[in-house]
Number of protein chains: 2
Amino acid sequence: MALPSEQLQLNPRFNQLKELLRSANYSKKIKKGSFLFQEGMPANELYLICSGKLQMIKTCPDGKEMCFRICSVGEIVGELTLFTNDPKYLLTAKVIEDGEVAVIEKDYLEEQLLLNPSLTFEYMQWLSNHTRRTQTKFRDLILHGKKGALYSTLIRMSNSYGIPLKDGSILIDLPLKNQDLANFCGTTRESVNRMLNALKNKGILSIKRGKITIHDLDYLKSEIQCENCPVEICRIE
Amino acid sequence: MALPSEQLQLNPRFNQLKELLRSANYSKKIKKGSFLFQEGMPANELYLICSGKLQMIKTCPDGKEMCFRICSVGEIVGELTLFTNDPKYLLTAKVIEDGEVAVIEKDYLEEQLLLNPSLTFEYMQWLSNHTRRTQTKFRDLILHGKKGALYSTLIRMSNSYGIPLKDGSILIDLPLKNQDLANFCGTTRESVNRMLNALKNKGILSIKRGKITIHDLDYLKSEIQCENCPVEICRIE
DNA sequence: TTATCGGTGTGACGAATATCACACTTTTAT
DNA sequence: ATAAAAGTGTGATATTCGTCACACCGATAA
């Protein structure tokens, strides 16, 4: 059997796993504003996004929402239901852009994962990274107030969706409303608005047609005592 | 090396995994105040706690600490380094009670996990639950202010370390300083102190010799709009 | 015993953040 | 094109929370 280190070279981007998911026997159209699944629902399926965009959110009875990830083409959702005793979705998948997802049966995937060690390896690697990302987010979101939460979110957005521009700035290629950012940070849209405008005035970032461009990422990093953890980890998604 | 097996049976889940860890070829004494490992250190080993207690913390350059778990006998630490490209510990393991840990080589465990599907299954199950716990903590810690963070922490402590008493109360069998709780919640010891005293005055809880007894768990739950997620998930550790 | 130490309890105050209200701007739908 | 809807910007005010200061409490070691 191949050693982990060799496999690591072979599959840096989880190709086997996605290949398997792509072979799904059917797909499903998703419509903006609808939900692919909602928290609490029994979970029998996972999805690979073929097109469109999803927000993975946790809702509160009082109407508040907390956003964990924004997922688009090539990403896997519903993953945390695998190998659980009582499979229910923990999060809600809200469609924010029309598209299509490949559907795969949870049971089938579990079976395949246990049969195919190199697939297992990919999945574990993916899940480990996922967990590491979630855990590092904690420090930033909780330990440096709401400003820290926003700055951290912007940095992670840069790493996840950023396009480097000629002048060294980074365009976050995702239309984000103030409220969206607030949902990532656990704050209010008004607070986000004020903080963003303060950053604009300092020349740290600018906003055009709903998309943010970061001009001075280092400023944001220094404000939250960023330790430059690997980009693999310091991401939204 | 012989480990007292009855200790490992405290938690009936994940027996295969623990059995494997138990076969570790050596163990290490841990001394209160020292660190089993520190974040950033290259990670080549995992540990199974035989005795003693550890705090898994994330530190900040400015001296703040965030506590994720308190681990004792039968628990596995250092797990998130498995299957990562650049294996470094993300958290620091601070010893808060003398003891001993079984040491297992990361490479060896990775190999075993890929060779043995039923071991794989246990590990994935464990990691999934771990991730689900971390994720659900987010909502509580971020969405309901510091009071929500404390209440959530107390509820999770009850599920993790609670001993039901005859009168229906729950004793959290773990000596906790105000500062410890503050580190779990991302707040200050003064704030924790005020909130705890407010809860004492309302008869929600009482404290004797450093240990908290919850008299009215439902009050705490209702305050943070708890959805009674499975106890498997709603835990500190 | 007393001195020391780590922890608790609490007031005063200021900073950070939420809330409310409303005007203004941009986007979307008809 | 125009109206309606959605999103942004901002002041005023309330609330939450952190910070500082210091008294107190209880264990323990000299």
Side-chain angles (χ1 to χ4, degrees), chain A residues 31-33 55 60 62-67 94 96-98 140-154 172 174-202 205-213 223-225, chain B residues 32-33 55 60 62-67 94 96-97 140-153 174-202 205-213 223-225:
Chain A
K31 262 295 191 218
K32 181 172 174 174
Q55 269 181 353
C60 250
D62 64 9
K64 285 181 201 164
E65 286 186 6
M66 162 114 226
C67 187
K94 183 198 258 182
I96 57 171
E97 199 182 292
D98 288 2
D140 302 337
L141 288 191
I142 293 173
L143 234 43
H144 295 111
K146 298 307 181 180
K147 209 169 65 171
L150 178 63
Y151 292 4
S152 165
T153 300
L154 291 172
I172 298 175
L174 196 67
L176 287 167
K177 319 243 177 278
N178 289 342
Q179 186 65 62
D180 294 329
L181 282 169
N183 290 348
F184 270 102
C185 301
T187 180
T188 59
R189 67 151 198 94
E190 291 95 329
S191 292
V192 167
N193 186 272
R194 284 183 239 264
M195 289 189 277
L196 283 181
N197 285 331
L199 291 173
K200 268 191 227 170
N201 292 336
K202 282 190 187 170
L205 55 76
S206 57
I207 306 182
K208 201 152 49 172
R209 256 173 282 113
K211 292 186 179 176
I212 297 174
T213 301
E223 285 288 302
I224 60 168
Q225 305 173 303
Chain B
K32 179 172 175 175
Q55 269 182 354
C60 253
D62 64 9
K64 285 181 200 163
E65 285 185 7
M66 163 113 227
C67 187
K94 184 199 257 181
I96 56 171
E97 200 182 291
D140 302 336
L141 288 192
I142 293 174
L143 235 41
H144 296 110
K146 299 305 181 180
K147 208 169 65 171
L150 178 64
Y151 292 4
S152 166
T153 300
L174 195 66
L176 287 167
K177 319 244 178 276
N178 288 343
Q179 185 65 62
D180 294 329
L181 282 169
N183 290 348
F184 269 103
C185 302
T187 181
T188 60
R189 66 149 198 96
E190 290 95 330
S191 292
V192 167
N193 185 273
R194 283 184 242 262
M195 290 188 279
L196 283 181
N197 285 332
L199 291 173
K200 269 191 229 171
N201 291 337
K202 282 189 188 170
L205 55 77
S206 58
I207 305 182
K208 201 153 49 172
R209 261 174 279 112
K211 292 186 180 177
I212 298 174
T213 301
E223 285 288 303
I224 60 168
Q225 304 173 302

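Only heavy atoms go into these numbers, but all of them, side chains included; no hydrogens, no water, no symmetry mates. In what follows, every chain begins at residue 1, and chains take the letters A, B, ... in the order their sequences are listed.
- OP1 or OP2 of D/dT8 has not a single side-chain nitrogen or oxygen of A/Asn193 nearer than 4.0 Å.
- Within 6.0 Å of the NZ atom in B/Lys200, the count of heavy atoms belonging to other residues, nucleotides or ligands exceeds 12.
- Distances shown here put a side-chain N or O of B/Asn197 below 4.0 Å from the OP1 or OP2 atom of C/dT10.
- Along DNA chain C, the nucleotide nearest to A/Glu190 and the one nearest to A/Met195 differ in position, and the one closer to the 5' end is contacted by A/Met195.
- Atom CG of B/Leu199 and atom C1' of C/dG9 are 15 Å apart (whole Å).
- Salt bridge absent: A/Asp98 and A/Lys32 never bring a charged side-chain N and a carboxylate O closer than 4.0 Å.
- Separating the CZ atom of B/Arg194 from the P atom of D/dC20 is a distance of 13 Å, rounded to the nearest angstrom.
- Looking at A/Arg209, its side chain has no donor and acceptor atom pair within 3.5 Å of the base of D/dT8.
- For A/His144 and A/Glu223, the side-chain atoms include no donor-acceptor pair closer than 3.5 Å.
- A/Thr188 has no side-chain polar atom (N or O) that falls below the 4.0 Å cut-off from OP1 or OP2 of C/dT19.
- When rounded to the nearest whole Å, the span between CG of B/Leu141 and P of D/dC17 equals 13 Å.
- Checking the phosphate oxygens (OP1, OP2) of D/dG18, a side-chain nitrogen or oxygen of B/Ser191 falls inside 4.0 Å.
- Atom pair B/His144:NE2 and D/dT16:C1' shows a separation of 15 Å (rounding to whole Å applied).
- Relative to the side chain of B/Asn178, the nucleotides C/dT10, C/dT8, D/dT8 differ in distance, and C/dT8 lies closest.
- Mapping A/Arg189 and A/Gly145 onto DNA chain C by nearest heavy atom places A/Gly145 at the nucleotide closer to the 5' end.
- Rounded to an integer number of Å, the gap from B/Leu143 CG to D/dT16 C1' is 16 Å.
- Side chains of B/Asn193 and B/Asn197: a donor-acceptor N/O pair is present below 3.5 angstrom, by distance only.
- At a threshold of 4.0 angstrom between heavy atoms, the contacts of B/Lys200 are confined to the sugar-phosphate backbone, with no base atom among them.
- Rounding to whole angstrom units, NZ of residue B/Lys177 and P of C/dT8 are separated by 6 Å.
- The separation between B/Gln179 atom CD and C/dT8 atom P is 9 Å, rounded to whole Å.
- Nucleotide C/dT17 holds its C1' atom 16 Å from the CD1 atom of A/Ile142, rounded to whole Å.
- Closest to the B/Lys146 side chain, of the nucleotides C/dT17, C/dT10, D/dC17, is D/dC17.
- Atom NZ of B/Lys146 sits about 15.0 Å away from atom CZ of B/Arg194, to the nearest 0.5 Å.
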